[in-house]
Each structure stands twice: as structure tokens, then as C-alpha cells.
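To find a chain, count down the sequence lines: A is the first, B the second, and so on, and within it residues start at 1.
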Amino acid sequence: MNLLNGLNPEQLAAVTLPRQHALILAGAGSGKTRVLTTRIAWLIATNQMTPQQVLAVTFTNKAAKEMMARLTAMLPINVRGMWIGTFHGLCNRLLRTHYRDAGLPQLFQILDSSDQLSAIKRLLKSLNVDDEKYPPRELQHFINGQKEQGLRPSAVEAWDGYTKKRVELYEAYDAQCNKEGVVDFSELLLRSYELLSRNEALRRHYQERFRYVLVDEFQDTNVLQYKWLKLLTGEEAAMFAVGDDDQSIYAFRGADVGNMRDFEREFKVANVIRLEQNYRSHGNILDAANAIIKNNDNRLGKNLWTDAGAGEPIRIFEANSDLDEARWIVEEIKALARDGHARAEIALLYRSNAQSRVLEHALFSAGLPYRVYGGLRFFERQEIKHALAYLRLIANPDDDTSFARVVNFPTRGIGARSVEQLQDAARAAASSMFAAIRSVAGAGGTKLAGFAALIGKMKEVAHLPLPELVEHVVDLSGLREHYKADKEGQDRLANLDELINAATSFIAEEGVVGAEGELSADLIAFLAHAALEAGEHQAGEGDDALQLMTTHSAKGLEFNVVFLSGLEEGLFPHENSLVERDGLEEERRLMYVAVTRARQRLYVSHAQTRMLHGQTRYNLPSRFIAEIPAGLVKRLTPKVAKSFGVPPRLTLEQPRAAYASRSSDSGYCIGQTVRHAKFGEGVVINLDGSGSDARAQINFGAVGMKWLALSIAKLETV
DNA sequence: ATAGACATTCTTTTT
DNA sequence: GAATGTCTAT
């Protein structure tokens, strides 16, 4: 059968496995996605199952899409109706179908992480809880952590008062969500898990339906996801789990590699298939990756090999500063481009998003086109979130998070005072803020009624096709006018137009056909889409641009050339990881993932000094560099060694003249006395940045030491 | 009620 | 360096 052509023996064994539980340990670049999709295609093509009988779960929308695209290419089937998707996407589908049984309103809305955070802040405020003692972020982490283990408040073990209080808050948070008809990400999972475990008929239905359950990136599943999979697999279906323990890099958000061992044991997996032949990288790169990961103790064990040649050595570069590093990368890229490398085949990877700035700056000045992945997503931009909040209120006026977001944006004379009154009224009536509007009297009440009328007006056009509805909402809400008046609002205006486009293409791609209700089903689907797929909705997709991203988001991708920058202690491995349990091992796996992204050439660089959080840091080279065998390495020295001069380090021993030169453009110099309206007299002890970014550290004596932005702080010279 | 000035805080990774 | 929060002047 030609589907199976070109598979190696292990891949073939995995693809054609009989209907039994299986664990596939798939190393980086070993053709994991191919195995997964070919297996589905093979099972269908050989009539072992119908397309309806498969459940395939991935972590990212990208992976799900790719799977569907490949399947379409292999088989003449319509993948639209198949249960292939992310955990969250599939749970959403489940809950939309069985909303009543799940105890949810039909039009429940999904909170993304930032919505969740503001919901928590609102909760703490309404309960008068000290947010110093219970930081919202920390509480969010706590709540999600419990949910990801499948624990409702009543099931959480709390021994100390602090935890008890947090559990209480968890309970109150859940109550608030229920009242408002919203669910957060982890709730999607937990809610559908509970739905299926409590409702026997429903569980049977799905267990009988799915004969094959396939899971991608199994090493990234958390406890709840594993339980969810177990439930759906039931007694009859066979679970096919593909994963790589060496690429487990999401423990920080609850992923539990232990699931791989548990799965093997609990499902009595008879044979574990290892895919160890790598089709991606040259030998040296693979050897380096193997050497690095060998330093981890907790491994299931596996060694990648390739029959491609050794290839090029790994190039290591030490820069004086982060700026230097960026400029060096630019020079190398220019040289690569001259040799005919496509820019899109070159990736710049870094550990944390903050590091992209310097690189972007250097690329921009050099006129090299680039594309940054991650960072601010389209649906996370404030103007988009505002527009979506209006749309959500149309669907569900009880969504207080959305309500609070836009009740006074654009400003319409409803201040903090009125909102507070409204919140009190809502609490007294145990209703949503929207429902409590009528009970607020006075001027504030009139304004609020006006807002309610505005939402009402939007509802009147809700039957229109989605793109038109969005357009009306953008206009009626006053968002368009507001950003038009804002001199820096042009980008935001463009994004709002882009939202209308997004609605158009959403309808074209996955529009619900013929839905003619008072509220379009398209709207609900679109809102879910916006929350679940924050979206790679970025320009420049097709261009030949350099690829910039974090090492995390590079997982699953590959490039001919990879630059791995900022390989410094404290940065990579990240300093926070050193105090976390098994943190260093996770960092090392991340390094392993990063290295194995490269096909032909790998650069590794680090800098002696780096600006971070507005401070200069002096970092040692990362321990991971030392873990690469010397025989695989070529150390590079700058071609024009002295041309990238770094400013001299400031030390007390240096003569005053050194300071004078640094200070020239800010108008201040070190040692100068200044007066601040509030802090009084002080002495400049350090200067930093230039132009509008210039800052000064000033010692105000008894008042203390302050860093002030010179463009903002009004300083008098004395 | 609102806008703007300013300080403080918090920085890993993200479905 | 950003994003958020707080304070002050209008």
C-alpha cells in the first residue's frame, strides 16, 4: 500500500500496529507527525475504522491543522467533522453540544488567561481581600493548578490557614464564573471530564464511538488531561500515545512526564516503540544534542542517530555585549544570504521574549525582514479585546468581566464611583452587573442605562452576517471614533479593520451554515475561536523573512540554520529554574529541543554583558555550552574585533572623564546635585540610556535611592 | 469624572 | 522596559 511507502521499520511497525494500547517514543525529527497521520489514514483506508471513530488530540492548533491538512492530502475524505483538535478545542465542542448536562448556559463564554486574572482581581475586591496577602497572579496559578489535577475546592487538602483561605477563594471564584456563565481554560477540561464521568449514558456513547484514541506530544499532558483521555478511551478503544520525554518543557504549567510511565503501567503497554532515526539534522548537531541530554537523570532513554554525514561543526561565539551579539548575528545572516540561504530558513531563538528587542533592533537597522512569533497575539490586543467584549455582551450580558472592561471604554461618563455602586447593587441582588443596572439611581444610573441601551442597539443588529455585526459594533461602541481621535491609534484602527476581515475569513472557513437564530451561531463560534486560538494572525506570513521566536515556541519546527542566542547562566538556564524542583533538567530539555531544531548549521552565542530589566548584567557562559563535546565545536572570533566597542564598565576607579562622556546627551552628569519637587535635593550617582530613555539614579539621602526617567521626572539643577 | 504624571512592580516559558 | 496602579490637578 503506497501510504506506507518510505517508512522505516520502526515507523512502519507503529503505523500498522494492531488495535492495542501503544506508546511511541519519538525523538526529535524522527517523523512523529508523519507516523500519527499515516496511522489514521491507514486505519481508514484499510477499513479498520471510519473517520468518525477516531479521536486525535494535539496541544496546539497548529499541530491539529497540520494533521488535518496531511490527512486531506492522503485520503479523499472530509476532515471537518472528525474529532481532531486540541484538548481545549475538543472540550469546547463537547460542552457546546451538551451544555445542559454540563450545567452551563448555552452561550457560555471562554475566559483567556488575562480575562481570568481580571475576574480574580474583581473577586478579591468584592470580597475585600487583601491582594498583597493573596496576589491575584499567585491565586490564579493556584486555582489552575488544582483544576489541572482534577480537584474541586472540596477535594483540595488544606492544612494551614493560608491554603484554607485560598481554597475558599477558589470556591468563590468558581461561584462567580458560574453566575456569569463563563469558563476558563482549565475549566473546559475539568467540566467536560466531570460531565463524562457523571453521566453514564453520555460516557458510554462516546466510549462506544471512539475506537482509536491518538495523542500527540503526550509528554505535555497534565494529570487532568490524562484522566480525560483514560475516560474517553474506556475499555474498548486503543490509545496510541506519541511523545518524547526529552522534549517535555511544560512542567511549569502542570505537564507531568510521569504520565508516560503511568500510561505504560496502567494500560499494560506491551511494546514501546522507539523512533530513533533522525531525518532532520546532521551528525554533529545530533551528537551535541545527545551529549547534552545525557546529563539528565530522569529519562526513559533513547539515542538519536542519522545516516546523514557529520556536517558542519557547531559554531560558538562569545560577544562582548548583547548589542554586539546582535550585530554579529546580522553580519552572519548577511553572509548566509550571500551564500544563497533563504531567510525563512534561518531562525533566531532565545529563551525569553524580552531578548527579542535587541535582535529586532539590529535586524531592523540592517534592513533585514523578520517575523516575530509569540509576543502579543492578535486577539490579545487591547482594542481587539474591547471589541470582543462588546460582542460577548451581546451574547451574554451577564459576563461581568466583559462588562467591566467596556462599561466605560470609550469613556462615557461612568466613573469608578458608579461602577462601584453597580457592583454593590449586583452583589445585593445576586445578579450580574448588567441586570443590576436598573437599581442604580441618580446621574450614574442614567449613564448606565445609556450603556444598557447601547448593548440593546447592538443586539438589534446581531442577526446580520458576522462581519457586518462586527463592523456595527466597532462603530456603535465608539471604538472607531475613539481611536481615530487618538494620534497613536492608527495601528489600532487597522487592527479593528483586521478583526472584520478575520470575521469574514472565519465565516468562509468554518462558518456555521444556515444558522438563522436571533443570535447567530457564527458569533458564538467566532468568540470561542478568538479565545482558544489567540492566533498567529500576523502580517508577512508569505514573505522571505527571518524567524524569531522563543525556544518554547520553536518546538515542532525545523530550520536549515539556527542561531541560539543568549546562552548565559541565569538566562538559559534561567535563574528561576535553579530553585525549582527538577528545574535544571527541564531547562536542559529545552536546550535539547533548541539544538535539534537545526538541520545543517547551528550557531550558539553568548554575551559578557547584557541589559536586562534596565540593568547591565554580567553573565557567565551557560553550562550547556560546556556540555557540548569540544570535538564538535568551532569557536569563532570576531572578524573585526575592535570595531564593536562596548562602553567601558563603570567602576569607581575610573576617572571622572569617563562619566562626563556618558552624560553629555542627557544634560546631566554624575555627581551633579539636583532638586526634585517631592524628594528634595539629591545627587546623581548613575546615568543610563539616552534620548527619551535616559534615566538617572539619584541618591536623595534620607528619602533613599531612586531611578528616575529624565524625560518624565522634572528635575531642577541646583 | 478624567487625564496625565509618576512610582512601583515584575519580569520564563503558553494551550 | 512595559504594564499596572495610584495620586493629583483640572
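Counting any heavy atom pair closer than 4.0 Å across all strands shown, Ser113(A) reaches a base atom. Among the heavy atoms of the strands lying under 4.0 Å from Lys121(A) are primed sugar atoms or P, OP1, OP2 only; no base atom is included. Nucleic acid contact class of Ile414(A) (heavy atoms, under 4.0 Å, all strands): sugar-phosphate only. Residue-level contact check: Glu132(A) touches neither bases nor backbone, having no heavy atom under 4.0 Å from any strand. Using a 4.0 Å heavy-atom distance criterion, Asn61(A) is classed as making no nucleic acid contact. Using a 4.0 Å heavy-atom distance criterion, Thr551(A) is classed as making no nucleic acid contact. Within the 4.0 angstrom heavy-atom criterion, only backbone atoms of the sugar-phosphate kind lie near Asn353(A); the bases stay farther away. No contact: Phe87(A) has no heavy atom under 4.0 Å from any strand.
Heavy-atom nearest nucleotides on DNA chain B were determined for Glu380(A) and for Arg417(A), and the one closer to the 5' end corresponds to Arg417(A). With the nearest nucleotide of DNA chain B identified for both Arg137(A) and Gln225(A), Arg137(A) has the one nearer the 5' end.
When the C1' atom of dT14(B) is taken as reference, atom CZ of Phe378(A) falls 19 Å away, rounded to whole Å. Counting to the nearest Å, the P atom of dT11(B) and the NE2 atom of His574(A) are 10 Å from each other. If you take CD of Glu586(A) and P of dT13(B), they are 13 Å apart, rounded to a whole angstrom. Spacing between atom CG of Asn408(A) and atom P of dA1(B) amounts to 9 Å, rounded to whole angstrom units. Taking atom CZ on Phe218(A) and atom P on dT15(B), their separation rounds to 20 Å, with Å as the unit. Rounded to a whole Å, the CG atom of Leu117(A) is 13 Å from the C1' atom of dC10(B). Atom P of nucleotide dT15(B) and atom CD of Gln219(A) are separated by 15 Å, given to the nearest angstrom. Taking atom CG of residue Asn576(A) and atom C1' of nucleotide dT11(B), one finds them 9 Å apart after rounding to whole Å.
Aromatic pair Phe409(A)/His482(A): ring centres closer than 6.0 Å.
Between Ser553(A) and the phosphate of dT13(B), there is no side-chain N or O to OP1/OP2 separation shorter than 4.0 Å.
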Checking side chain to side chain donor-acceptor pair (under 3.5 Å) for the pair Ser352(A)/Gln355(A): CA distance, chi angles, key distance, verdict?
CA-CA 6 Å; Ser352(A) 59; Gln355(A) 287 166 253; 3.1 Å; yes
Could you please spell out the steps behind the side chain to side chain donor-acceptor pair (under 3.5 Å) verdict for Gln219(A) and Gln247(A)?
CA-CA 7 Å; Gln219(A) 77 282 353; Gln247(A) 292 190 66; 5.9 Å; no
Audit row: Glu325(A), Ser605(A), side chain to side chain donor-acceptor pair (under 3.5 Å) steps and yes/no:
CA-CA 7 Å; Glu325(A) 183 187 39; Ser605(A) 60; 2.7 Å; yes
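When atom types are taken as modelled, the side chain of Glu533(A) and the backbone of Gly89(A) share no donor-acceptor pair closer than 3.5 angstrom.
Checking Lys147(A), Gln140(A), Gln146(A) one by one against Ile143(A), the side chain to side chain contact (heavy atoms under 4.5 Å, CB included) holds for a single residue, Lys147(A).
For Arg357(A), the side-chain atoms get nearest to dG1(C) when compared with the rest of dT15(B), dG1(C), dA3(B).
Using a 5.5 Å limit on the distance between ring centres and a 30° limit on the angle between planes, the aromatic ring of Tyr250(A) does not count as stacked on the six-membered base ring of dT14(B).
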